[in-house]
Every structure is written in structure tokens, then in C-alpha cells.
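Let me begin by presenting the structure, written as C-alpha cells, before commenting on it.
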Amino acid sequence: MLSLRFALQTLKKDFRHYALFIFANAFLLMVNAMFFAIRNNHSIATSEYGKIIKAVMVLGLVLSLLVGAVFIFYANSFVSGRRQRQIGTLSMLGMSRFQGFMVVVWQSLGLWFITTVIGLAASFGALFIAFPVLNQLAGGQHYRVSFDWNTVVTVGLIYAALFFLMTLIEGFKIGRTSLINLTKSDQRVAKEPKAKAFLGITGFVILIAGYWLALTTKPSLNALFSFIWAVGLVIVGTYLVMIVGIGWLLKRLRKNQKYYYQDKHFVPVSGLLFRVKNNGAGLATVALLFTTIVVALTAAISMQQVTSKFGQYLPYDTTITSTQALSQDQLNQVQQSAQQHNLTLSASHELEATSATLVNVSGQGKLSRFTGTGDIMSTPAFRAMTTASLQKWQGKSVSLASDEVGIYAARQKKVPTQLQIGGKTYKVKTIGQLTSPDSTAPSGPSYYYLVVNQQSQLDAFLKDIQVPATADEQVGASAMPDAVNYIYAYDVKGTKNNEISFSKDLTKIFQQTGGQVMDRADAVQSIETVFGSLVFVGVLTAVVLTFTTVLIVYYKQVAEGMVDRQNFKKMQRIGLSLAETKQMINRQIRLLFGLPLLLLVLNAFFAFPILKTVFKTLGLFDPTIFISVMVTVTVIVILIYLVIYWLTSKRYQQIVNQ
């Protein structure tokens with residue numbers, strides 16, 4: 001077959017030209033196959049947290065598939081120019097367009113086969129590296145590596161569909177392009193963009209609006225929608241600024257004759273202006289991809305650091321919370337279950353207090369239940385108890401006058417000076433020390449522990465913070481069965497696995513009576529498993545995005561170098577020296593790379609409040625960890641970007657000076 005022979009000859013002859021295309025797509029296919037293999041893994045699917053891990057892997061799979069699909073078409077746009085020129089030459093020598101299209105079909109089939117084989121083989125090997133990392137991040141699990149045929153077939157078919165669509169698009173271009181244009185398809189010169197002032201200014205306005213919204217939105221339950229708007233505005237603004245706004249600015253600079261007609265400005269400005277439309281979209285994509293890398297790595301590393309300290313913030317090893325006081329038989333069951341698991345329990349610490357409730361406190365000290373509007377992150381959670389309950393809980397109490405209530409503020413610097421309870425105003429006495437029954441993690445809610453003298457004051461507090469009743473309905477304390485909790489806390493001595501089994505037994509014992517069991521070892525393992533898989537996906541996604549961004553920049557530099565080589569050769573013929581050529585090249589590249597770097601720094605700075613709010617909502621915000629991680633990650637990403645700039649600029653100069 002003539003078409004097959006030409007396809008094999010061109011692939012063999014131009015293999016160096018296709019090598020990077022094959023390598024890049026094989027890498028992305030490898031990552032997708034890894035996500036599929038982990039999702040289909042039997043040892044993970046049958047584990048306790050298998051459903052959660054599979055859901056997290058699906059999230060990573062969707063992201064990596066999107067990146068892979070976009071990159072295939074992006075990279076093919078650089079490969080197709082040379083391929084179409086070959087088809088045009090063959091057509092002028094007598095080959096029909098259909099035969100030329102079949103050459104493309106055979107080439108695509110060969111590229112798909114090589115890409116799939118290399119990618120699947122690499123994914124099988126990479127799993128032996130990935131699984132130990134996943135097991136470690138997931139709290140010391142023992143998931144086993146497996147690679148099923150379902151993964152092989154599914155990934156192969158997905159990439160076959162992508163290559164098929166890519167081939168159809170290229171065939172359509174071949175059919176609609178004249179033979180003369182086909183032979184010059186890789187030598188096309190970009191036209192000067194029609195950069196309008198309105199769109200350019202609009203781009204800057206939209207970008208600034210997105211930054212302003214991200215910076216001024218206060219943390220609340222409704223903040224997520226505002227941040228979605230902020231992200232959308234930043235994305236749209238970035239593309240408009242880079243595609244239209246920069247072109248508009250360059251045209252303004254060109255009109256400034258004193259600035260434009262200088263050796264160091266003339267070539268960079270004119271060179272960028274004539275290709276700003278294509279470069280703008282690419283540079284905006286690079287800036288947004290690097291911003292996504294910063295966000296993904298910051299989120300992943302911060303989650304891992306915060307969750308690793310989670311156990312330190314739980315005051316007791318095992319805590320039982322019930323809406324009813326436990327009977328002596330139930331307390332005996334707890335002791336018996338501990339003995340069965342070879343554990344030793346401390347004496348029980350018992351507390352009767354209201355359930356934790358978000359409460360607004362007015363300037364006059366009036367209490368009202370948090371209704372879901374306003375700054376949720378600054379709203380304290382109240383637990384109220386009597387002095388007698390406090391005495392039973394920690395063995396010592398606090399002395400209060402008849403017109404006083406006590407408050408222990410966990411991590412709250414500001415304590416109200418007075419509170420209104422049941423229509424009566426009380427002075428607030430600050431309690432210096434109280435053993436918290438709740439997590440003391442800095443990422444969790446801030447607690448006010450309210451101490452009152454009488455049970456009647458506790459009932460009045462409960463009525464004050466209930467949702468307002470209707471005109472024909474009165475809410476009393478007796479109608480609030482879940483308003484009061486009974487907390488029983490223990491310290492446990494024994495192995496971690498025995499403690500986890502002990503907590504599972506307690507959960508079975510108390511689930512029928514509405515009791516809840518919080519165990520330190522079990523909670524730490526659960527959080528490490530869930531967030532560890534998120535960290536795994538976040539890091540792997542960041543690697544994929546970094547790899548893709550590097551390749552996009554490289555392809556851009558190669559494409560620009562091919563165009564600029566002819567231009568600089570012409571300028572050298574009319575008197576431009578080699579040293580002057582190198583200076584102009586360096587200025588143009590610095591300007592080209594400086595714009596995404598500036599947007600990267602700005603986007604990372606304004607992404608901070610968004611990440612902060614999301615992490616606070618999840619109860620995972622630790623400022624000392626989060627800020628240091630984000631600054632470190634941003635600096636590392638900037639250094640990676642500069643290394644990419646240095647490497648690709650060298651390649652660009654080699655092509656231009658060739």
C-alpha cells in the first residue's frame with residue numbers, strides 16, 4: 001500500500017520531530033492509566049475507605065484526562081504543519097488527497113500505538129513507586145499493586161478516540177486547503193492583531209474586579225459563590241489582557257516614536273505585536289497553569305501537614321457523647337470492651353453541657369443563634385454548663401457571684417464584658433483554665449465555654465439561642481431533646497490497632513441509643529486516609545500540570561524560533577550584527593516570559609484569601625503552616641519557571657542563529 005509505505009517512511013525519517021510528541025502524550029497516558037488502576041484496585045475497593053479513595057481518584061482522573069485531551073490537540077498543531085507540507089508535496093507529485101489523508105491516518109495509528117505501549121508500560125512500573133507513597137500518605141495502609149485488563153482497554157480506547165478526532169480534524173484541513181498553502185503550512189506568518197481599546201481596557205477592569213472580589217469577600221457560608229465569581233473573572237480577565245490588552249499596549253508604545261524607534265525597543269515590540277494573538281492565549285494559559293500548580297501544591301502539602309498534627313489537638317483518647325446520661329451498665333460495658341482488647345482505661349471524665357452551637361453576640365451582650373449569614377469564621381461556638389458540671393468534669397470549679405457568669409475563651413482574644421441571658425444582664429468573669437471537651441486545633445471553630453450557677457440560667461440560655469418560634473408556637477427547653485450532651489472521656493493505654501477495634505465496638509454499642517464515639521487513633525487514621533489520598537492526587541496533578549506547561553512553553557519557543565529565524569536572517573543581511581541579534585532576542589524573550597511571571601505572582605497573592613476560606617471551612621486552616629507552605633511553593637514554582645525560561649530561550653536562540 002502506497003499510503004502505508006509513505007507513512008512508515010515519514011515516521012522513520014522524522015522520528016526526532018515526533019519524539020517529543022510521543023514522549024509527552026505517553027507521560028500523560030501513564031498518569032491516566034495510574035488513576036484508572038488505583039480506582040479499579042481490588043484491595044482499595046474492599047477497604048473501609050475504598051469508596052472515598054475511589055471518588056478522589058476519579059477527581060484526579062477527570063483533571064488529567066482534560067489536560068491530556070487539550071495537550072494532544074495543542075501539540076498536534078505544531079506537528080501538523082510539517083505533516084501537511086509533506087502531504088502537499090506528495091499531492092503535487094500526483095498523489096490524491098484521499099491517499100494523502102490515508103498517510104495521515106496510518107501515521108496517527110502508528111503514533112497512537114507507540115504512545116499507548118510506552119504509556120501503559122511506564123504506568124505499570126510507576127505504580128510500584130506510587131503505591132508505597134499512597135500507602136504512607138493514607139495512614140500506613142497496605143494496598144497492593146494491581147494492573148487489570150480493564151484499565152489497559154479503557155485507556156487505550158480513550159486515547160484511540162482522541163487520536164481519531166485529531167486525525168479527522170487534520171483531514172478536514174487537508175481537504176479544504178489548497179496545494180500551494182499545504183506546501184507552506186509550517187511557514188505561515190501571523191498577522192497583526194486588531195487590538196481594540198475597549199476590549200483591552202475591559203480585560204484590565206475584569207482582572208482587577210476579580211482580584212478585588214477575592215480580597216474583599218469575607219469568610220461565610222455564601223463566600224464560595226463569590227470566590228467562584230472571582231476565579232471566573234480572573235480567568236476571563238487574564239485571557240483578555242494577554243490576547244487583546246497587551247496588543248493594545250504594544251500599539252500605544254509603537255505610536256510613541258521616542259520609545260519605539262530605539263534599537264532595544266524596535267524589534268521586541270514589533271515582533272511581539274505581530275504574534276500577540278497566538279502568544280497571548282499561550283501566555284495566559286501558562287500563567288493560569290502555573291497558578292493552578294501553586295494552588296494544588298499548597299492545598300496538598302498544607303492538608304498533609306495539618307492532618308499529621310490532628311491527633312495532638314484531641315484532649316482525650318476516647319470520648320463518648322450522648323443525649324442521655326449513660327447508665328452504670330453501659331459504663332461497665334465500656335470497661336469490659338476495653339479489657340477484651342487488652343486496653344487500660346483511665347477514670348471517666350464526665351461533663352453535662354449544651355451541644356456546641358454557633359452563637360452571635362451583640363455589642364450589648366445579647367445572644368442569638370447563628371442563622372447562616374455573616375462571617376462564620378469569626379462566630380464562636382458556645383457550650384454552656386453549670387458550676388456543678390464543671391466541678392465533676394475537671395475536679396475543680398469556679399466561684400461566681402449571683403450576677404456573674406464565667407467564660408473560658410479557646411483561642412479567642414476578645415471576651416464580651418457582659419451577657420444577656422433570659423432578659424437579665426450578667427457580668428462576665430474570665431476563666432483562666434478549662435480542659436476542653438472539643439478539639440483544640442487552630443483550624444477548628446473557636447469555642448466559648450459558658451459557666452453559670454443555676455440550671456434555670458442554663459435553660460434560659462437554651463431558649464435565647466433557639467430559632468425564633470412562630471406566633472402560635474413557643475419553644476421551651478423540654479422541646480429540645482438534643483440541646484444537652486453528656487460527655488464521657490477516657491485516656492487509653494494500649495496498641496493503636498486495639499484502640500481502633502475498641503472504638504468500633506463502642507460505636508456498635510451506642511449507635512442504637514444515639515451515642516457518638518470519637519477515638520483519637522481511629523480519627524487520625526480516617527483523616528490520614530481521606531486527606532492522604534487527596535494529597536496524592538494533588539501532587540500528581542501538580543506534576544502533570546508542570547510537565548504540560550513546560551512542553552507548552554517549549555513548543556511555543558520552537559515555533560517562534562522557526563518564524564524569527566527568517567526575520568533575523570533578513571535583518572542581518574542589511575547590517576544587523578550577531579551580537580545585536582542576540583541582544584534583541586534576549587529582550588524579546590524576557591518581555592515574553594515576564595508577563596506570565598507577573599500574572600503568576602499576582603494570581604498567587606490573590607488566591608491566598610480563597611484558599612484560606614476554603615481551608616477554614618474544612619477545619620484545616622493553620623496559619624503558621626499554610627502561609628509558610630504557600631510562600632515556599634510560590635518561590636519554588638517561580639524558580640522552576642525561570643529554569644524553563646533559561647532552557648527554552650537557549651533552544652530558541654539555537655534555532656534563530658542556526
Side-chain angles (χ1 to χ4, degrees), residues 47-49 52 138-141 306-356 381 383 385 389-396 408 410-411 433-445 447 449 482 484-532 619-620:
S47 65
E48 183 178 2
Y49 303 102
I52 297 176
Q141 300 292 337
V306 171
T307 54
S308 66
K309 295 184 176 182
F310 180 78
Q312 303 174 13
Y313 303 124
L314 296 177
Y316 294 98
D317 291 324
T318 301
T319 303
I320 304 171
T321 304
S322 176
T323 56
Q324 299 176 357
L326 299 185
S327 65
Q328 188 59 47
D329 288 341
Q330 290 174 314
L331 293 174
N332 291 338
Q333 280 183 295
V334 174
Q335 293 291 341
Q336 291 170 5
S337 179
Q339 292 175 4
Q340 291 173 0
H341 293 283
N342 298 320
L343 299 175
T344 302
L345 297 185
S346 67
S348 173
H349 302 270
E350 301 177 11
L351 175 65
E352 179 184 352
T354 63
S355 58
R383 276 195 189 274
M385 66 195 76
S389 295
L390 180 61
Q391 173 70 34
K392 192 174 183 180
W393 170 250
Q394 62 181 19
K396 58 182 179 180
Y408 172 75
R411 303 195 317 276
Q433 187 176 5
L434 185 145
T435 304
S436 172
D438 304 290
S439 171
T440 58
S443 55
Y447 286 93
Y449 294 100
D482 299 331
V484 177
N485 293 149
Y486 296 86
I487 301 172
Y488 300 83
Y490 301 88
D491 285 322
V492 179
K493 290 184 180 179
T495 64
K496 175 182 175 182
N497 290 335
N498 287 349
E499 185 179 340
I500 293 174
S501 300
F502 167 63
S503 70
K504 295 186 185 304
D505 283 352
L506 291 184
T507 301
K508 294 178 182 178
I509 293 172
F510 294 107
Q511 65 182 357
Q512 294 181 351
T513 60
Q516 296 180 344
V517 179
M518 168 64 76
D519 181 79
R520 188 199 304 270
D522 187 44
V524 169
Q525 187 181 65
S526 302
I527 287 179
E528 286 181 346
T529 301
V530 175
F531 287 103
L620 294 171

Does the [X] side chain pair with the main chain of [Y], one donor and one acceptor, at a distance under 3.5 Å?
X: Trp393; Y: Thr435; value: yes
X: Ser322; Y: Ala325; value: no
X: Ser337; Y: Gln333; value: no
X: Gln330; Y: Ser327; value: yes

Could you note down all residue pairs passing ring-ring contact (aromatic ring centres under 6.0 Å, His included) where residues 485-504 supplies at least one of them, sequence neighbours left out?
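Output for this query is empty, none listed.
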Checking [X] now: which residues fulfil side chain to side chain contact (heavy atoms under 4.5 Å, CB included) with it, not counting sequence neighbours?
X: Ala521; result: Lys496, Glu499, Ile500, Asp519
X: Asp491; result: Tyr316, Asp317, Ser346
X: Asn342; result: Asn498
X: Lys508; result: none

With a 4.5 Å heavy-atom cut-off, do [X] and [Y] have their side chains touching?
X: Asp438; Y: Arg383; answer: yes
X: Thr321; Y: Met518; answer: no
X: Gln433; Y: Lys396; answer: yes
X: Thr323; Y: Asn485; answer: yes

Can you name the residues that form a ring-ring contact (aromatic ring centres under 6.0 Å, His included) with Tyr449, not counting sequence neighbours?
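Scan of Tyr449 (ring-ring contact (aromatic ring centres under 6.0 Å, His included), adjacent residues dropped) gives Tyr447.
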Output the distance between atom [atom1] ([X]) and atom [atom2] ([Y]), rounded to the nearest 0.5 Å.
X: Gln335; Y: Thr344; atom1: CD; atom2: OG1; value: 9.5 Å
X: Arg520; Y: Thr319; atom1: CZ; atom2: OG1; value: 8.5 Å
X: Leu506; Y: His341; atom1: CG; atom2: NE2; value: 8.0 Å
X: Met385; Y: Lys392; atom1: CE; atom2: NZ; value: 14.0 Å
X: Ser348; Y: Ile487; atom1: OG; atom2: CD1; value: 11.0 Å

Minimum heavy-atom separation for [X] to [Y], with atom names?
X: Val517; Y: Ser503; answer: CG1-O, 4.2 Å
X: Gly494; Y: Leu343; answer: CA-CD2, 3.5 Å
X: Ser436; Y: Pro315; answer: O-CG, 3.0 Å

